[in-house]
Amino acid sequence: MTFRLYDTATREVRDFVPLVEGKAGLYVCGLTVQSEPHVGHVRSGVNFDVLQRWLRHRGYEVTFIRNVTDIDDKILAKSAEQGRPWFNLAYAMHRELGRAYDALNVAPPTYEPGATGHVPEMVELITELIGRGHAYPAEDGSGDVYFDVKSWPSYGELTHQGVDDMEPAEDADPRGKRDPRDFALWKGWKKATEPETAAWPSPWGPGRPGWHIECSAMAGKYLGPAFDIHGGGVDLRFPHHENEQAQSRAAGRPFATYWMHNAWITTAGEKMSKSLGNSLTIPNVLERYRGIELRYYLVAAHYRSHVEFSFEALDEAAVAFRRIENFLERAGVVEPGDLPQAFVDAMDDDLGTPAAVAVLFDMVREGNRADDPTVHAGQVLAMLDVLGLNPADPAWAGSGAGAADDKLKAAIDALVVGLLDERTAAREAKNWARADAIRDQIKKAGIEVEDTPTGPKWSID
RNA sequence: GGUGGGUUGGCCGAGAGGCGAGGCAACGGACUGCAAAUCCGUGUACACGGGUUCAAAUCCCGUACCCACCUCCA
């Protein structure tokens, strides 16, 4: 069986056939680093991390490029509001994003390029487009350069839309455009309102990148004119990805073979960026849940399915995941084994993580039933590794909260162990009243005691 | 106006013509001093109305409601 994935461009599940056998080139649109990342933002990080891991497991040599947009209108606006340089805001939020990815065990991509570091590549691409008659410098002297949509007949092919059916944006500023649907490749420096640091030299005067061009330029630089998979959130399909494809192909680059788009996470029926958001930033959520629990929540849903976020659902996910952890603890530390075929089949089918997770739980049940769960536990670990959910992965220890937790646990253990010894003695003397009193006392502190064949164990409720 | 996606049991969430994915919760049983954990068992779900078929949650037609994108949102 081959790996199959849903291609947004053709709207069907297709066999994955890489351009070069044994290799996979992957480009994912990362974030605009303008504010603290929230749960919705990291979904794409987790989804494409699973893709990366699965491709590697399938034996592909993966080159995974995930960019960061570190200059744009919003960054400039916000930094002005906050009274700090735009590059400081972008850099701070970039680091915050990195911490969020680390806390969720999102493995780093091969490289994470930023827009500001690739202006020469963009200038080169824009020059090529102008030379081929697909782009033009604005006639209003603004220093903008636009892509000429009408010069590219297949514009709209990715999202299956006719240019003439598109509704012009309400707030569209025609500026020096020939057609309102033309989009900016290069934005001239607005001396009056924009800091000089936000402008780079170009043949069309000082300015900064248009949004779409950066991805075309960086994908081209690191993956070549043609590569295998391009990913991002559904909202990026249009205009961002449509424009990326148009400008790349108009410049003679075949661009991506497959397009993958992850669905939204909403809260109260709204996309997260619209809602209050604050409680849903990753640092906030991680105060209440472990990164591994949040990751499990995200992985348990299919990447193309809309998820309605709620803390109740996250609670449930955390409980479900603890069932797996309980099993692993009971089974003891083991080496990862082989992946069950059903799991492989599920993952091969467009990253069917929900079905894969079902296989995981089936294996946990079988292991719980078995006299010797070693083999089952090995298979469970192998599956968790692929999903980035292995609790023993050192990646989880890296987060600050985890280290503090360990210290706390050691302290509690020292305090509780004496009480537990006393309770064990009481139980041996069949003094149930005393034994239960101790258990109740500990429970009042929020610590659950359970008796196992190897003696009592405690855990924080 | 254009283009997509969705509506599944108490809840979360899969599936895409024919044995009720999986998890949580609930109930019964086993185990336990009692619990916990674990195991076993218990469910007549697929928005609505038609149709196709031996067989429809799944295909077709229609209706309702929800959501996303249409120039800088993952």
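A quick note: this is a predicted structure, and the numbers were derived from the prediction, not measured. Each chain gets a letter, A, B and so on, in the order its sequence line appears, and its residues count up from 1.
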Check your understanding: His302(A) side chain: which of A21(B), C39(B), A14(B) is closest?
Key -> A14(B)
**Study point:** Pi stacking test for Phe361(A) and G22(B): under 5.5 Å apart, planes under 30°
**Key:** no
Review point. Applying a 3.5 Å limit to both distances, which nucleotide forms a Watson-Crick or G-U wobble pair with A26(B)?
Key: U42(B)
Exercise for review: Tell which nucleotide pairs with C73(B), taking only Watson-Crick or G-U wobble pairs whose two distances are both under 3.5 angstrom.
Suggested key: none
Check your understanding: Hey, does Gly30(A) reach any base, or is it just sugar-phosphate, or nothing, if we go heavy atoms under 4.0 Å?
Key -> sugar-phosphate
Review point. Is there a donor-acceptor contact under 3.5 Å linking the side chains of Gln161(A) and Thr159(A)?
Key: yes
Check your understanding: For Lys457(A), which contact category applies under a 4.0 Å heavy-atom criterion: base, sugar-phosphate, or nothing?
Key -> nothing
Practice item. Could you tell me whether Asn243(A) contacts a base, only the sugar-phosphate backbone, or nothing, with contacts defined as non-hydrogen atoms closer than 4.0 Å? Key: base
**Study point:** Paired nucleotide for C31(B) [Watson-Crick or G-U wobble; both distances under 3.5 Å]
**Key:** none
Study note, to complete from the structure: Mate of A55(B) across any strand shown (Watson-Crick or G-U wobble, both atom pairs under 3.5 Å) is none
Review point. Parallel, tilted or perpendicular: which fits the ring planes of Tyr289(A) and Phe311(A), with parallel below 30° and perpendicular above 60°?
Key: parallel
Practice item. Find the partner of C65(B): check Watson-Crick (N1-N3 plus N6-O4 or O6-N4) and G-U wobble (N1-O2, O6-N3) distances, both under 3.5 Å, and reply none if neither fits. Key: G6(B)
